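Values in this document were obtained by computation on a predicted structure and should not be read as measured data. Note that these values count all heavy atoms, side chains included, but never hydrogens, waters or copies made by symmetry. Letters A, B, ... mirror the listed sequences (proteins, then strands); counts begin at 1.
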Amino acid sequence: MNEHLLDIRNLKTWYRTYQGYAQVVDGVNLTIDAGKKIGIVGESGCGKTTTMKSVLRVLDERKAYLPEGEILFKNQNILKMRETELQQIRRKNISMISQEPSAALNPVFTVGQQIFDVISYSKQDDTAKNKKELTDIAIKAIRDVFIPDPERILECYPHQLSGGMKQRICIAMALVTPRELLIADEPGTALDVTIQDQIHRLLRALVDEKQTALIMITHSLGVVRELVDQIYVMYAGNIVEVATTNELFKNPLHPYTRGLMDCVPRLSGGGISAGIYGYVPDYVHPTPGCRFSPRCPYVKEICRVQKPLMLEVSEGHTVACFRYTDSFTEQHRQEESIGERA
Amino acid sequence: MTKAQLKEDLRLYWYKFSRNKLSVVGLCIVLLSILCAIFAEIITPYPQHAKEFVDFNQASLAPCRAFICGTDIFGRDIFTRLIFSCRGALSMTVVVLSISVPIGVFLGLIAGYYHGTWADTIIMRTADVFLSLPSLMLAMAIAAVLKPGMRSSMIAVTAMWWPWYTRQVYGMASSLRNEYFVKNAELIGASRLHILFREILPNCLSSVFTKMALDVGWVILIGASLSFVGLGEQPPTPAFGQMISEGARYMPDLWWMTVFPALAIAFIILGFNFFGDGIRDMLERGR
């Protein structure tokens, strides 16, 4: 077995609620190799963030419950690690950019002090760093994210900066010391479209330059198309389709992926698309079958009772849908295509 | 931080503080009372009157030029004794706050950060026990059990004071622990101590300082109440409450024995409350 940088196997993350367990992440499998870029796409509340929080174990341990699964980082199971080992990984190997740049910075300290903290916690080389060296590293990190006048920024408090600048600072903090894996949790969400675009380009440039592996979490297919090599489409706690970026856009298979694609407004199209009917399902009482079945336009009897397994359709393209199994007869497909045309 | 920046910050703080004229009045009263407490021997006309002193020739004199607040039944100058009481009251405040605030804040931080765990339960339920008893009663009970005197009244007030800070910091810490920047600190692998003292504590400090400034007046009042019932400073050392209770026996003939100490308490507490309001305005975010 070749070694992956991060290997998530059959991860289940449940939240305790008064009604019972909410099965938010339900058997996610995901691998990423060093230096690769992958994207996780799905609508709000489908468990993308929860999956990533499980990776770094920042979930509230009294509310989250992980009944099954393994998260292997360089063949070490993160879920079974002791607190100190985990702390080392957080300090040196993996960093994460949060959705809310404005909330991610402590309001009572200057940006400089907070970047120094990150540097001093990830003592990559054991040479003791003095103030001057720290400042140099921090200034370089800020310059890397294209903020002018880094010396002044170091002295600023977060409230003196704009949202876009804060997000850049967060990226700078995440990449100030070399990391093997960067998890970016919708880094553009709180920003306007132009800044969002800049942030994404910046992120890609930095990740390429520093050879960091990237997991990009987003709800926008447009974003991942430009940024990543491989896309995981997630629906209601399940990975429903995995493919390389080009393959996915050329040949989307899962009905949910198709629905997502249709949701992207086109300049040439006629107004806003119909979208996908319905909502993300109830996590406390999920259906025994495919979780997309209540919303799926092609739903069949088997979809409601049995969970589809990941099926490799072509090289590097897998999908969890009964439509592509052999038992799903040719006849069904024909019926469908007639329906589609009509 | 550079010198120019520090100067700029100080100017901003002064601007915010002095926007309310009453806070400036409060600051003056506070400074005046601190100066009185420190230089009591120099300011007062008869410093020996603060100790054991009897001179029946000048006993029970009404306010006049020589004794601006009159004298008591032993012939001691009331003004002198008031200034010396100020020293006792302020030193009590300093001791009480400098012990109870760190303890209270620390316990509140722990309980708030470990919200919902056994640490939270133990600390907060203990604090609740203290808070559920009327504060003056509790202080009186503690002071009465110990040997009456300044030290036991300090212990008593300290014991009833910390839970207020614990409660306040607990509330803030338990909401701050869910803030993204605390999660972020956990994500970069910060230690527990770092999270408690570098991330959460600094965000609670401004309200703690405000509460401290406003509490000074209350500590003085509680101290005066204790000494009024004879559980504070013991004679012959003067204290506000003790002077009032002594004078009350000779009301209304020797009214100056009661009225001046009462006015002094009111004056100082008023001053500290104005000052506290000013501190609150000063530490508020924004301009």
Give a yes or no on whether [X] atom [atom1] has more than 12 heavy-atom contacts from other residues, nucleotides or ligands under 6.0 Å away.
| X | atom1 | result |
| --- | --- | --- |
| Lys63(A) | NZ | no |
| Phe267(B) | CZ | no |
| Tyr15(A) | OH | yes |
| Arg167(B) | CZ | no |
| Arg151(B) | CZ | no |

Who are the salt bridge (charged side-chain N to carboxylate O under 4.0 Å, His left out) partners of Asp185(A), not counting sequence neighbours?
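Listed in chain order: nothing, the list is empty.
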
List for me each residue that meets salt bridge (charged side-chain N to carboxylate O under 4.0 Å, His left out) alongside Glu186(B), sequence neighbours excluded, and say none if there are none.
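Here no residue qualifies.
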
Between Arg91(A) and Ile188(B), is a side chain to side chain contact (heavy atoms under 4.5 Å, CB included) present by the stated rule, with each step listed?
CA-CA 5 Å; Arg91(A) 286 179 184 183; Ile188(B) 64 167; over 6 Å; no

Separation of Asp117(A) CG from Asn184(B) CG (nearest 0.5 Å)
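The distance works out to 11.5 Å.
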
Are Arg192(B) and Glu83(A) side-chain neighbours, meaning at least one heavy-atom pair lies under 4.5 Å?
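Heavy-atom side-chain distance check passes, below 4.5 Å.
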
Do Phe181(B) and Pro107(A) touch side chain to side chain, with heavy atoms closer than 4.5 Å?
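Contact flag for Phe181(B)/Pro107(A) side chains = yes.
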
Holding to side chain to side chain contact (heavy atoms under 4.5 Å, CB included), I want the full list of residues that pass it with Gln113(A), two or more places apart in sequence or in another chain.
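If we apply the side chain to side chain contact (heavy atoms under 4.5 Å, CB included) test to Gln113(A), skipping adjacent residues, the hits are Phe109(A), Thr110(A), Arg198(B).
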
Could you have a look at Ala103(A), Cys170(A), Pro158(A) and say which one has the most heavy-atom pairs with chain B under 4.5 angstrom?
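Among Ala103(A), Cys170(A), Pro158(A), the one with the most close pairs to chain B is Ala103(A).
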
Residues from residues 100-125 of chain B approaching chain A under 4.5 Å (heavy atoms)
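So far as heavy atoms go, His115(B), Gly116(B), Thr117(B) are the residues that approach chain A to under 4.5 Å.
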
Proximity breakdown for Leu105(A) and chain B, heavy-atom pairs closer than 4.5 Å:
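Backbone only.
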
Sole residue of Ile183(A), Leu56(A), Ile94(A) in side-chain contact (heavy atoms from CB on, under 4.5 Å) with Leu187(B)
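Single side-chain contact (heavy atoms from CB on, under 4.5 Å) partner of Leu187(B) among Ile183(A), Leu56(A), Ile94(A): Leu56(A).
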
